[in-house]
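As the structure is a prediction and not an experimental result, all values here were calculated from the model.
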Number of protein chains: 2
Amino acid sequence: MHESNESSARLVCVNVMDFTDVSLTALRVFRAVAEQGTSTAAAASLGYTQSAVSRQTAAIERVAGAELLERRRDGVRLTAAGRVVMRRAAVVLDEIDATARELSGLPGEAGTVRLG
Amino acid sequence: MHESNESSARLVCVNVMDFTDVSLTALRVFRAVAEQGTSTAAAASLGYTQSAVSRQTAAIERVAGAELLERRRDGVRLTAAGRVVMRRAAVVLDEIDATARELSGLPGEAGTVRLG
DNA sequence: CGGTTTTACGGAGCTCGTAACCATT
DNA sequence: AATGGTTACGAGCTCCGTAAAACCG
């Protein structure tokens, strides 16, 4: 377990979660929301319900420790932190997909291996 | 867990899972095992038990659809596919960590707390 | 044997969908 | 009312640790 020895400052939030506790599902959901502009559309495109998407975005904001989406009348909009996360999430998810392609032997990138 | 009746055919994968179903925990565990050489050492370094590590590596091999670790007397060794996954996993996990660092250095619009 | 990985079981926790609720136009 | 997001609850699944078994020199 991670116990900080730093003595004096003892506050933080209720939960001791940082971004490393994020899940790939949360990243995918967040990307979909950012791309589609509304949770509803994202939910439809992922085969989830609105509420599932809402909980996932809430979760990723919790581990990020910041608001990533600005709620507006006609959907959501990325905040500054949201854009940061979005860029990183794209890298992560693309890498996962690239791995999947590479493993299945499909044309993905340089360095594809042939599993015998 | 979903075993076939062992009639005659040697079916490879009963579950329809590809690498996109991998979890970050599995990637972390796999990296630790690859770096440390044994599941036991990896377990200790992660605060898990041996069995948890074993299940995670089994899981990642299942979604990868290939053996990633060659079991040997004194631990494990990466296969060709294992090295592929290892390289990709490093990218993914580093990106996650980088995001965490970047976010903790951001002037978040809510909930930023200065310790000390 | 000695060291390692794997499997069976039970419980804790997470995530989903349904459904109800909130907020703004 | 309509649209979009949020929250409460119960069901199902996943994951862990413990403990026992299976491998392999």
Side-chain angles (χ1 to χ4, degrees), chain A residues 1-2 14-64 67-79 82, chain B residues 1-6 14-64 67-79 82 110-111:
Chain A
M1 281 285 274
H2 315 295
V14 201
N15 277 347
V16 209
M17 288 253 219
D18 62 343
F19 195 78
T20 56
D21 293 324
V22 79
S23 77
L24 288 177
T25 337
L27 292 181
R28 288 202 186 89
V29 167
F30 177 69
R31 178 176 62 173
V33 170
E35 283 174 350
Q36 317 240 352
T38 71
S39 296
T40 315
S45 80
L46 292 171
Y48 286 168
T49 58
Q50 282 181 26
S51 71
V53 168
S54 178
R55 283 189 302 261
Q56 289 288 350
T57 51
I60 199 175
E61 284 183 322
R62 190 169 61 245
V63 297
E67 293 255 329
L68 305 180
L69 297 172
E70 177 189 350
R71 276 75 173 174
R72 320 182 85 230
R73 275 277 16 91
D74 52 344
V76 296
R77 175 168 293 202
L78 284 177
T79 65
Chain B
M1 62 173 180
H2 337 303
E3 66 282 350
S4 55
N5 252 355
E6 185 110 23
V14 231
N15 274 351
V16 219
M17 285 237 195
D18 61 343
F19 195 77
T20 56
D21 293 324
V22 78
S23 78
L24 288 177
T25 340
L27 292 180
R28 288 203 185 89
V29 167
F30 177 69
R31 178 175 62 172
V33 170
E35 283 174 351
Q36 317 240 352
T38 71
S39 295
T40 315
S45 80
L46 291 171
Y48 286 167
T49 58
Q50 292 176 21
S51 71
V53 168
S54 176
R55 283 189 300 261
Q56 289 289 349
T57 51
I60 199 176
E61 283 184 322
R62 191 169 59 245
V63 297
E67 293 258 328
L68 305 180
L69 298 171
E70 177 189 350
R71 276 75 173 175
R72 318 181 87 226
R73 169 66 183 81
D74 53 343
V76 296
R77 200 178 189 85
L78 283 178
T79 65

Selection: residues 47-59 of chain A, any non-hydrogen atom under 4.0 Å of DNA chain C: A:G47, A:Y48, A:T49, A:S51, A:A52, A:R55, A:Q56
What pairs with A:R28 under salt bridge (Lys or Arg N to Asp or Glu O under 4.0 Å), at least two apart in sequence or on another chain? none
Euclidean distance, atom CZ of residue A:R62 to atom C1' of D:dT6 [Å, nearest integer]: 14 Å
Mind checking side-chain hydrogen bond (donor to acceptor under 3.5 Å, both in side chains) for A:D21 and listing every partner two or more places apart, or none if nothing turns up? none
What is the distance, rounded to the nearest whole Å, between atom CZ of B:R72 and atom C1' of C:dT4? 14 Å
To the nearest angstrom, the CD-P distance between B:E70 and D:dC24 comes to 13 Å
Show the nearest heavy-atom pair for residues B:T57 and B:L69, with the distance to one decimal. CG2-CD1, 4.1 Å
Scanning both residues in full, the closest heavy-atom pair of A:T79 with A:E67 reads OG1-O, 2.8 Å
Distance check needed: D:dT14 C1' versus A:L24 CG, whole Å only. 15 Å
Whole-Å distance, B:R73 CZ to C:dT6 P, equals 14 Å
Closest contact, heavy atoms only, B:D18 versus B:T20: OD1-OG1, 2.7 Å
Write down the atom of B:Q56, the atom of B:T25, and the distance for their closest heavy-atom approach. OE1-C, 4.3 Å
Using a 4.0 Å heavy-atom cut-off across all strands, classify A:R71 as base, sugar-phosphate, or nothing. sugar-phosphate
Check each residue of residues 25-41 of chain A for a non-hydrogen atom within less than 4.0 Å of any atom in DNA chain C, then write out the ones that pass by number, or none. none
Tabulate below the donor-acceptor pairs under 3.5 Å that side-chain atoms of residues 34-48 of chain A make, not counting sequence neighbours, or state none.
from, atom 1, to, atom 2, distance (Å)
A:Q36, NE2, A:S45, OG, 3.3
A:T38, OG1, A:A41, N, 2.9
A:S45, OG, A:A42, O, 2.9

In short, B:L27 meets B:I60 closest at the heavy-atom pair CD2-CD1, 3.7 Å
For A:L46 and C:dT15, give me the distance from atom CG to atom P, rounded to whole Å. 16 Å
Let me know the distance between CD1 of A:I60 and P of D:dG5, rounded to the nearest Å. 16 Å
May I have the distance from B:L69 (atom CG) to C:dT4 (atom C1'), rounded to whole angstrom? 13 Å
For residues 51-61 of chain B, which residue pairs qualify under salt bridge (Lys or Arg N to Asp or Glu O under 4.0 Å), counting only residues two or more places apart or in two chains? B:E61-B:R71
